[in-house]
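Not measured: the values here are computed from a predicted model. We name chains A, B, ... by the order of the sequence lines, and we start the count at 1 in each one.
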Amino acid sequence: MKKFNLKKLLAVALITFFPNLINSAEQIDPIKVNWSFKGLTGKFDRASLQRGFQVYKEVCSSCHSMQYLSYRNLGEPGGPEFSDEEVKAIAASFEVTDGPDNQGEMFTRPGRPSDMFVSPHPNKEAAAAANGGAYPPDMSVLVKARKGGANYIYSVLVGYEDPPPGVKLDQGVYYNKYMIGNKIKMPNNLEDGLVEYADGTESTVDQMAKDVTTFLAWSAEPELEERHKLGVKVIIYLILLTILVYLSMKKIWSRIDSEM
Amino acid sequence: MSKEEKNANRRDFLFTASYTVGAVGLGAVVWPLIDQMNPDKAQKALATTEVDISQIEPGKSITVLWRGKPVFLKRRTEEEIAEARAVRMDDLPDPQKDEERVKEGKDEWLVMLGVCTHLGCVPLKDKGDYNGWFCPCHGSHYDVSGRVRKGPAPTNMEIPKFEFVDNNTIKIG
Amino acid sequence: MSDHEYQPKSKAGKWFNDRLPLLTLGAHLTDYPTPKNLNYWWTFGGILTFCLITQIVTGIVLAMHYVAHADLAFGSVEHIMRNVNYGWLIRYIHSNGASMFFLAVYIHIFRSLFYGSYKSPREIIWILGLLIYLLMMAAAFLGYVLPWGQMSFWGATVITNLFSAIPLVGESITTWLWGAYSVDNPTLNRFFSLHYLFPFLILGLVVLHIWALHIPGNNNPVGIDIKKPSKDTVPFHPYITIKDAFALLMFMIIFAGFVFFSPNVLGHSDNYIPANPLVTPAHIVPEWYLLPFYAILRSVPDKLGGVILMFGAIFILFVLPWLDTSKVRSAVFRPIYRQFYWIFVIDVLMLGYMGAMPAEGIYLVLARVGTIYYFLHFLVVIPLVGFFEKTDPIPMSISEPVLSGGAEPSLAKKDNEKI
C-alpha cells in the first residue's frame, strides 16, 4: 500500500512542481536545439561563445545593454576564454565614462578589463526613446528571464516571417512566430553574411543565432560549467556516503531486528 | 579469526569509514562559507589606477585612492632628496635606502601607501620631527622618504607596485 | 527515563553540569527512548532541522553581500551570482532550500495527519508546528521579494493587498505595511529586516516543538501509547540518528540535483526581469508551496471572503485535534478515514495545480469544488468518520502481533495509561 501511494504522490507532485509545462497554450513551442551546455556534464562551445560575442558586439550591442557583465568576464574560465591580451584589446576598444577628475568633470578613457560592459544608452528612458518607445531589454540574464530559455531566444531570432493574412501590424512592429503574442518591436537584424567571423565560419543566420544564443546562455549562467563539474562530484560523494551510512545502519539495527 | 570477530572488524571499519567520509564532506562544505568572505572577483579586478601628475609642483604632494586606500604621491625638492639620502642606516628602525624606495631616474617622485604600518591610520603630511609625516593615532614619525623614525610603527610605509606610463602619468598597481 | 540519575563521569563534567546541566540534556537526547517501529516518514523532523540550519547559514552569508535597496537589490544578487566566491552556490542552495524545506514540511504534516500525531496528548506539538509553518510561509514570501524581480514586486503587491480587504482599516494597514503608497524601497528594507528575523523565531519555536515532543514521546505508525523505555523502544542514538542520517543523505541527493543541475526550475523566469512598477507580468503565480492557498483565495469572487477563506484554510488546522473524534490515532487501523485521507491529499494537490492555472473556466470550477471539499473534510468528514467508523483491531504493543479479535481501542488505551 505504501508503495502505491508513494507513486501516486510523486506523479501528482510532478504536475504541481512543473505547471509551466502545461502553461503555454497561445504560442508555438520553441525549437529544441541540442545545445552543448545541456545535460549533467554540459559545457559551452568556446568557439561558438567567441563568435557569439562578435555578433553581440557588432549587431546587438547598438541597442541592448549587458550591464552586469565586465570585460574581464570574457577571459574567465568557463566563458569565451579570450586571452588576457584579447580581453584588454576588447575593453580598450570601448569608450568608458569615468570621473569626476580633479576639476569635477567627467571624462572618457579607453575601457579596462575591470569595467562593466558599456551600455548603448545612458538610461532606460533614453533606450526606449531611441527605439520607438520599446525598451530593448538588458541581455545579461535574458536567457534565465524567458520561459524556454536558450531555445526560446534562438527561436525568436530565426522566427521572423511575413504576417499571415489578416494580421495587421503597426509601423515598427514585426511578425515573429515564436514571440509571445507573435508581435515584436525588434526588427529582424540578422542576414546571411552579416558579420565576418574571425575563425572563418560561414555566418548564416542560423549560425549567428546559435552563436549569440550560446553567448547569452553563458552570460546568464557564467557559473554553469563550474556548477556542473562540482555537481557531479557532490552527487558521487553523497551516493558513496549514503551507501556507507546505509550499511552502518543495517549493522546497527541488526541488533534490534534479530530480537523482533 | 572467528566469525564474530570478523563481523566486529567489518562493523568497526564501516563506522570509521562513515565518520571519515562524513567529516571530509563537512570540511568541504565549510570552505565555500569561508571563501565567500575573501575579496570577490570584482574587487580583485580593480587592481590599477592611473594618476595624472603633471600639475604637481616640486615640494607638493597629492593623495589618490587605490584599492580603497590613500596613496601619497610627493614630488620632492632637491633638498628633500638630499636630506633623505643623508640619513644614517643606524638611525632607522627599518633600515632601507631612499634609492630603494623610488624609481631610478625619477628620484623626485615618492609614491607610497599612505597607511601607517602601526594600526592603519592615515599619517598627516608636513608634520612630525623628521620633515615628513606624522601619524596622529599613536604618534609615529616618518621622514621625507616615508621611513619610520620614531614611535610604535614597526616598518616604513609601504611602496606599492607602480610604473611611469609616460612623464605625466603614473599607473599604480 | 534515566535523566535524574545521570551523573557525568569526570569531576570537571560534574562541576559544570551542577551549574548548567547541558550534559544531562545531552544524555537525555542521546538516550531518549524512541519507538522502534518508526518508518521513514518519521525522518522528516531531522531533515527539517537540517533545512532550517542550512537556510540560516546560507542566509547569513547572503546578507553579507546583498543590498536591500530598490535600485541596487537586483544588481547585488547578480553580483553574488557572478563575483562573490561560491556566491552562486550559496544563493542556489538558499533559493532551492526554501522549496526543499516546504517539500519536507508538507510530508511531515501529512505524516502527522495520517498517523494521527496531532491527537491527544500531542496537541501542543501540533499547534507549535503550525505556528512554525505559518512563520515559514511568511519568511519564504519575504525572502522571495528580496531579489526585486518582477515576481518579487508583484507578489509583494498582491499579498500585501490582501490586507486591504479588512473593512475600515484595510487601506491604512496596507499603507503601513508598505511605508509608502505602493510597494517601494521602504517595503523592501523592512521585508529584509523581517526576513532576517523570522528564521530565528522559527528556531525558537522548533526548540519548543521538540521539547513538547519529548514530554509524551513520539507517536508511531501503530499509533498506540507505549511504555518507555521498553522493548518497544530504542535509544535515540545511534538507532534513530543513523536512520535519520541515511534519510537525510537521500534527501540531500535530490537537493543537490536541483542546486547543481536545474537551479531555476522551481522558480519563475519573470523574477530575472528587474522589478517594474509599470508592467504586471501576464501570470502572477506564487511559489509552488503556496499554490493551494492561492487557489482557495481566487476561488471566492468576494475580496474579503477570499482572504478569510484562505486564512481559514490554515487556521482550521489549529482546531483539528478537537474536530477529530476518533479514539484511534493511526489511519492504519481506520479503513474509512484512510480513504478520505487520500482523497484529501489529492484534493490539496489539485488545489495546488489550480493555483498555477489561470483563474477561469474549468480551472475556476475545479478550484471551487476543491475549496469546498477542503473545508468539508475538516468540518464534516473528520468528526463524522470518528463517530461511525468501525476501526480494525489494534495491537497491545509494537512487539506483539495483533491478537485474534484484537483489543478494543478504548481498552487498549486504558491499559496503556495504567502502565
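For chain A, the nearby part of C/Tyr92 is the side chain; its heavy atoms alone come within less than 4.5 Å. Interface remark: C/Asn271 contributes no atoms to any contact with chain A (heavy atom separation under 4.5 Å). At a 4.5 Å heavy-atom cutoff, the contact between C/Tyr40 and chain A is made by side-chain atoms alone. Looking at C/Leu89, the atoms closer than 4.5 Å to chain A (heavy atoms on both sides) all sit in the side chain, from C-beta outward. Heavy atoms of A/Leu40 lying under 4.5 Å from chain C belong to its backbone as well as its side chain. Using a 4.5 Å cut-off between heavy atoms, A/Val143 does not touch chain C at all.
Between C/Tyr239 and A/Trp253, the ring planes lie perpendicular to each other; the angle is over 60°, past the 30° to 60° tilted range.
Looking only at side-chain heavy atoms (C-beta outward), C/Arg82 and A/Ser140 come within less than 4.5 Å of each other. C/Trp88 is listed as a side-chain neighbour of A/Leu230, based on a closest heavy-atom distance under 4.5 Å.
For the atom pair NZ of A/Lys147 and CG of C/Asp270, the computed distance is 8.5 Å after rounding to the nearest 0.5 Å. A distance of 12.5 Å separates CG of A/Leu224 from CZ of C/Phe260, quoted to the nearest 0.5 Å. Interatomic distance, CE of C/Met252 versus CD1 of A/Ile239, reported as 12.5 Å (0.5 Å rounding). Once rounded to the nearest 0.5 Å, the distance linking NZ of A/Lys144 with OH of C/Tyr272 reads 3.5 Å.
Comparing A/Glu76, A/Glu226, A/Gln67, A/Glu221 by heavy-atom pairs within less than 4.5 Å of chain C, the highest count is held by A/Glu226.
Residue-environment remark: OH (C/Tyr373) exceeds the threshold of 12 foreign heavy atoms within 6.0 Å. Residue-environment remark: NZ (A/Lys57) exceeds the threshold of 12 foreign heavy atoms within 6.0 Å.
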### Task
Give the intermediate values and the outcome of side chain to side chain contact (heavy atoms under 4.5 Å, CB included) for residues C/Phe255 and A/Leu238.
CA-CA 11 Å; C/Phe255 195 161; A/Leu238 283 175; over 6 Å; no
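Of all residues in residues 241-251 of chain C, those placing a non-hydrogen atom less than 4.5 angstrom from a non-hydrogen atom of chain A are C/Ile242, C/Lys243, C/Ala245, C/Phe246, C/Leu249, C/Met250.
Here the closest non-hydrogen pair linking C/Ile273 and A/Ala145 is CG1-CB, 3.7 Å.
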Side-chain donor-acceptor pairs under 3.5 Å in residues 119-134 of chain A, sequence neighbours left out?
unit_1   : atom_1 : unit_2   : atom_2 : d
A/Asn123 : OD1    : A/Glu125 : N      : 3.3
A/Asn123 : OD1    : A/Ala126 : N      : 2.8
A/Asn131 : ND2    : A/Ala127 : O      : 2.8

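Ring to ring, A/His228 and C/Phe261 are close: their centroids are under 6.0 angstrom apart.
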